[in-house]
Amino acid sequence: MRQLVMALVLGSSCVAAATHAHEAGDFLVRVGVAQVAPDASSGSVLGGGVDVEDATGLGFSGTWFATPHIGIEVLAALPFEHDIVGSGALSGVDIGSTKHLPPTVSLQYYPLGEGKFQPYAGIGLNYTTFFDTKSSAALDSALVGDTDISLKDSTGVALQLGADWQLNDNWYLNAAVWKIDIETTARISVDGTQAARVDVTIDPLVFMLGAAYSF
């Protein structure tokens with residue numbers, strides 16, 4: 001009987017350990033495949049507009065838990081590369097491409113206590129920096145000159161929903177989505193002289209699916 005009681009106690013402890021909530025001081029690292037899906041719009045430029053295509057890359061984040069219910073997350077990624085295309089009167093015109101990095105710091109809330117399933121919501125500040133922006137040969141031909149495109153960096157609010165599913169003491173599956181406020185100004189120059197300037201709203205949804213490790 002004593003051995004049976006001890007076995008039940010140990011078994012209960014193992015189950016509890018496998019489904020514990022996050023604790024203050026825990027650190028959770030997430031890595032996954034991320035897709036950036038812009039909801040782009042722009043002002044008028046050269047008789048048309050500017051659109052930004054989807055991009056897929058590797059995203060990762062780290063969350064430090066101040067309490068079992070409050071976490072502070074830093075989101076990063078490898079550079080995403082987007083094609084820039086025309087819209088409206090410029091529909092079908094390949095304008096160029098750009099790369100960006102989207103570091104984001106968020107305050108997260110985890111409402112549940114015990115359980116394998118841990119949903120969370122977050123709000124934070126995003127800083128998006130654009131680089132390696134290139135114009136296309138098609139744009140050179142359309143504007144009859146050597147063209148150049150530059151994009152202004154952006155700062156905006158990021159909203160987040162996500163969930164972790166615990167596999168064992170340390171490993172989780174993770175799924176998350178962000179809505180990020182990204183607004184930039186595109187400047188197009190021809191032979192060194194500015195030919196157009198247009199405000200572009202990108203406001204993407206960012207989806208990430210991957211794994212997480214807690215320690």
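Small disclaimer: the values here were computed from a predicted structure and weren't measured.
Looking only at side-chain heavy atoms (C-beta outward), P38 and D203 stay at 4.5 Å or farther from each other. Using a 4.5 Å cut-off on side-chain heavy atoms (C-beta onward), L28 and D164 make contact. At least one side-chain heavy atom of I123 sits less than 4.5 Å from a side-chain heavy atom of V157. Contact annotation: the side chain of T67 never approaches that of F65 to less than 4.5 Å [non-hydrogen atoms, C-beta and beyond]. Within the 4.5 Å cutoff, no side-chain heavy atoms of M208 are placed close to those of V206. V33 has its side chain out of reach of L209: every pair of non-hydrogen atoms, C-beta onward, lies at least 4.5 Å apart.
Clustering ILVMFWY residues whenever any of their side-chain heavy atoms sit less than 4.5 angstrom apart, transitively, puts L161 in the very cluster that holds L205. Both L151 and V198 sit in one connected hydrophobic cluster of ILVMFWY residues. Membership requires side-chain heavy atoms under 4.5 Å apart, directly or through other members. Linking Ile, Leu, Val, Met, Phe, Trp and Tyr whenever their side-chain heavy atoms come within less than 4.5 Å leaves V85 and F130 in two separate clusters. Both V31 and L78 belong to a common hydrophobic cluster when Ile, Leu, Val, Met, Phe, Trp and Tyr are linked at side-chain heavy-atom distances under 4.5 angstrom. V177 and L159 fall into different hydrophobic clusters, defined by Ile, Leu, Val, Met, Phe, Trp and Tyr side-chain heavy atoms under 4.5 Å apart, directly or through other members.
F27 has its ring centre no less than 6.0 Å from the ring centre of W64. Here Y110 and H69 keep their ring centres 6.0 angstrom or further from each other.
Using a 3.5 Å distance cut-off with no hydrogens or angles, the side chains of T185 and D199 do pair a donor with an acceptor. Between the side chains of N126 and T128, at least one donor N or O lies within less than 3.5 Å of an accepting N or O. Side-chain contact of D153 with T129: a donor-acceptor pair under 3.5 Å is present, judged by distance alone. For Q166 and Q118, the side-chain atoms include no donor-acceptor pair closer than 3.5 Å. A donor-acceptor contact closer than 3.5 angstrom is absent between the side chains of S214 and N170.
How far CD1 of I84 is from CD1 of I95: 7.0 Å, rounded to the nearest 0.5 Å. In this structure, K116 NZ and L173 CG are separated by 11.0 Å, a value rounded to the nearest 0.5 Å. With rounding to the nearest 0.5 Å, the separation of CZ in R197 from OG in S189 is 12.0 Å. Note that the OG1 atom of T63 and the CD1 atom of I72 stand 9.5 Å from one another [nearest 0.5 Å]. Taking CG from L75 and OG from S106, the interatomic distance works out to 7.0 Å, rounded to the nearest 0.5 Å. Between atom CZ of residue F207 and atom OG1 of residue T56 there is a gap of 11.0 Å, rounded to the nearest 0.5 Å.
Listed for the H82 side chain is no donor-acceptor partner under 3.5 Å among the backbone atoms of T98. Counting only distance, with no hydrogens or angles, the side chain of N174 and the backbone of A163 share a donor-acceptor pair below 3.5 Å.
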Next item on the list: Report the C-alpha distance between D51 and V200 in whole Å, list the side-chain angles of each, state the deciding distance to 0.1 Å, and finish with yes or no for side chain to side chain contact (heavy atoms under 4.5 Å, CB included).
Entry: CA-CA 8 Å; D51 199 2; V200 183; over 6 Å; no

Item checked: D83 vs S97, side-chain hydrogen bond (donor to acceptor under 3.5 Å, both in side chains): CA-CA, chis, key distance, verdict -> CA-CA 4 Å; D83 290 330; S97 65; 5.1 Å; no

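Shortest non-hydrogen contact noted between A24 and A66 is CB-O, 3.4 Å. For the residue pair P111 and P119, the shortest heavy atom distance occurs at CD-O, 3.2 Å. For the pair A37 and D54, the tightest heavy-atom approach, listed with the atom from each and the gap, is CA-OD1, 3.4 Å. Nearest heavy atoms, G32 versus L58: O-CD1, 3.3 Å. Closest heavy-atom contact between S136 and T147: O-OG1, 4.3 Å. Looking at every heavy atom in both residues, T104 comes nearest to A158 through CG2-CB, 3.7 Å.
Applying the salt bridge (Lys or Arg N to Asp or Glu O under 4.0 Å) definition to pairs two or more places apart or across chains, those involving residues 71-82 are R30-E73. Sequence neighbours left out, the pairs with a member in residues 94-112 that pass salt bridge (Lys or Arg N to Asp or Glu O under 4.0 Å) are K99-D132.
The environment of NZ in K152 is sparse: at most 12 heavy-atom neighbours from other residues, nucleotides or ligands sit within 6.0 Å.
F131 belongs to a hydrophobic cluster with L101, counting contacts under 4.5 Å between side-chain heavy atoms of Ile, Leu, Val, Met, Phe, Trp and Tyr, direct or through other members.
Results of the ring-ring contact (aromatic ring centres under 6.0 Å, His included) test with H22 over Y109, Y172, Y120 single out Y172 as the only residue that passes.
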